[in-house]
Protein chains: 2
Amino acid sequence: MSGNETIQKSTISSTEPDIQSNSLKAGIRQKKELQILEAAEKVFSEFGYHGATTQMIADGAGVPKANLHYYFPTKLVLYRRIIDQIFSIWLDAAQSFDENSDPVQALSSYIDKKMQISRSHPHGSRIWANEIMQGAPIIQDYLETTLREWTNSRIAIIQGWIDRGLIDPVDPRHLLYMIWSVTQHYADFAHQIDTLNGGKPLSTSQWGNACENVKKIILAGIGAKGVDIK
Amino acid sequence: MSGNETIQKSTISSTEPDIQSNSLKAGIRQKKELQILEAAEKVFSEFGYHGATTQMIADGAGVPKANLHYYFPTKLVLYRRIIDQIFSIWLDAAQSFDENSDPVQALSSYIDKKMQISRSHPHGSRIWANEIMQGAPIIQDYLETTLREWTNSRIAIIQGWIDRGLIDPVDPRHLLYMIWSVTQHYADFAHQIDTLNGGKPLSTSQWGNACENVKKIILAGIGAKGVDIK
DNA sequence: ATCAGTGTTGACCAACTGGTCAAGATTTAT
DNA sequence: ATAAATCTTGACCAGTTGGTCAACACTGAT
């Protein structure tokens, strides 16, 4: 971290409280912001952008509304921050395509990760869905740039698999849509699924079962080699 | 038109205006209600329940807000009416399971119908999705009664196919979820799909292509007999 | 003509919303 | 200690919302 321990010790020790104080301040700020962001994610996902009120979010975070507006000047800024978070998480998961040249490996891994995200970040998924359903008033630029590029490059990869005879000739685009819709369904429609599950959230083994079924049907559905259709 | 012209002419002529006036009144009422309902469906699907304002709906229907409240006393009543509509449409489509004993026929037909609905009633699908994502505050009873019964009975049918070896042993529940999610995705995420389609809605042939791909992957995915996996 | 029932609407209101602000509390640096 | 910087918050405001209402218009029956 610091290159020269001896000479700059004083400097360091003098800086250390500074760092501490900074980190404390930053810590307070970071902590509060995190509280608010978590509360906001929950509220936005449950009520949508319009349905959510800054008062609800403030209550959820345990701070007065005025304090929320100290950290996040407007409701829209808060919302954007959350959208950014979600999108970066999704993009991270999408690297499975690059790390595996084998379609079975690549798709299995991708589906696994997307299912995991649906379980660990259901709020984010729902906020995204809400945004799209409202015509993406805030994230339209994402759709037209990052998402479009990502999609096209993965379509090319899938088409490559088809050309090499590794999977059946399906339309790569619709294969992607299927993976997106199915995996996100377990987050977006969790309430419906839970209700049909007797009112209880899926257990870990039930999640595993869901994941296996999704992978089985999709991989078999595209005739991916290495998968036995029993 | 009128059976006995001579004798009851007076009676008929006295009733006819009555019927006319009734049908005219009813016609006015029906027409206005329909206008408002259609506008409301659009607005609710785009902005969600909270985001939608009665003013927007009134504007969309081309009536003053006060007139809207003459026909529908509250925003919630209007919303319920629309939810009812959607649910009945979906239930109608779901009869494919009863009309076909062959899994390929039954599932193909069901998927076809659900895709058709996604194209013809995208607003309704989005409103449903919105409701579920908000924890189904209004339609929880539907989920726990009608939908649960419907789901269980179709699960039994699918399990029957498995027992008879007509399809692979998959979890019927997750097969249903997959069909629901994929087909509804084309309505709920239409904006995203359109954007990735160059900003234009899918053409009729593109819809057909989507439908074929969905059916192909799912039917092949469950090893439904009678489907060649080329 | 007149009356009753139905439909129409501008003006209005109480409740709520996102956001502000000034005054004070707390922490850090000197 | 004290000054500077950051954080906290009750009270407040202007704009918007769902819903009301009284006055008016229209239609058809007598």
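Letters A, B, ... mirror the listed sequences (proteins, then strands); counts begin at 1.
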Q: Under a 4.5 Å cut-off applied to non-hydrogen side-chain atoms, are B:Val63 and B:Tyr71 in contact?
A: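 With C-beta onward as the side chain, the pair stays apart.
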Q: Quick one: CZ on B:Arg29 to CG on B:Leu34, what's the gap to the nearest 0.5 Å?
A: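 CG of B:Leu34 is found 13.5 Å from CZ of B:Arg29.
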Q: Rounded to whole angstroms, how far apart are OH on B:Tyr70 and P on D:dA23?
A: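 These atoms are roughly 18 Å apart.
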Q: In whole angstroms, how far is the P atom of C:dT27 from the NZ atom of A:Lys31?
A: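 Roughly 13 Å, once rounded to whole Å.
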Q: Classify the ring geometry of A:Trp150 against A:Tyr110: parallel below 30°, tilted from 30° to 60°, perpendicular beyond 60°.
A: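 A:Trp150 vs A:Tyr110 ring planes: tilted.
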Q: What does the B/S/- profile of nucleotides 10-17 of chain D look like, 5' to 3', with a 4.0 Å heavy-atom cutoff to protein?
A: B------S
Q: C:dT6 P sits how many Å from B:Lys32 NZ, rounded?
A: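 Those two atoms, NZ and P, are 16 Å apart.
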Q: What's the CD1-C1' distance between B:Ile57 and D:dG19, to the nearest Å?
A: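 Taking atom C1' of D:dG19 as the reference, CD1 of B:Ile57 is at 13 Å.
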Q: Quick one: B:Leu68 CG to D:dC21 P, roughly how many Å, whole number?
A: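 That distance rounds to 17 Å.
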Q: Report yes if at least one side-chain N or O of A:Arg29 is closer than 4.0 Å to OP1 or OP2 of D:dT6; otherwise report no.
A: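 Indeed not, no polar side-chain atom of A:Arg29 lies that close.
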Q: Name all pairs fulfilling the side chain to side chain donor-acceptor pair (under 3.5 Å) condition that reach into residues 42-55 of chain A, sequence neighbours left out, sorted by first residue then second.
A: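 For residues 42-55 of chain A: A:Ser45-A:His123, A:Gln55-A:Asp59.
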Q: In whole angstrom, what separates B:His69's NE2 from D:dG18's P?
A: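 Rounding to the nearest Å, NE2 of B:His69 and P of D:dG18 are 7 Å apart.
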Q: Indicate the ring-plane relationship of B:Tyr177 and B:Trp180, choosing parallel, tilted or perpendicular according to the 30° and 60° boundaries.
A: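 Ring orientation, 0 to 90° scale: tilted.
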Q: Please give, in whole Å, the distance from C:dG18 C1' to A:Tyr79 OH?
A: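 So the OH-C1' distance, A:Tyr79 to C:dG18, works out to 17 Å.
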Q: Write down the distance between CZ (B:Phe72) and P (D:dT20), rounded to a whole number of angstrom.
A: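 Distance, rounded to whole Å: 15 Å.
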Q: Compute whether any side-chain donor of one residue and acceptor of the other, for A:Tyr142 and A:Asp84, lie under 3.5 angstrom apart.
A: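 Yes, side-chain donor-acceptor contact under 3.5 Å.
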Q: What does the inter-axis angle of the helix from C:dA1-D:dT30 to C:dT30-D:dA1 come out as, five pairs per end, nearest 10 degrees?
A: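 Axis-to-axis angle, ends of the helix: 0°.
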Q: Between B:His191 and A:Gln140, does any side-chain donor sit less than 3.5 Å from a side-chain acceptor?
A: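 The answer is yes; a qualifying pair exists.
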Q: Examine the side chains of A:Gln192 and B:Trp128 and answer whether a donor and an acceptor come within less than 3.5 Å of each other.
A: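 On atom types as modelled, these side chains qualify, holding a pair under 3.5 Å.
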Q: Would you kindly compare A:Pro73 and B:Val63 by the position of their nearest DNA chain C nucleotide and give the one closer to the 5′ end?
A: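 In this pair, the answer is B:Val63.
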Q: What's the spacing between A:Ser125 OG and A:Trp90 CH2 if we round to 0.5 Å?
A: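 So the OG of A:Ser125 and the CH2 of A:Trp90 are separated by 4.5 Å.
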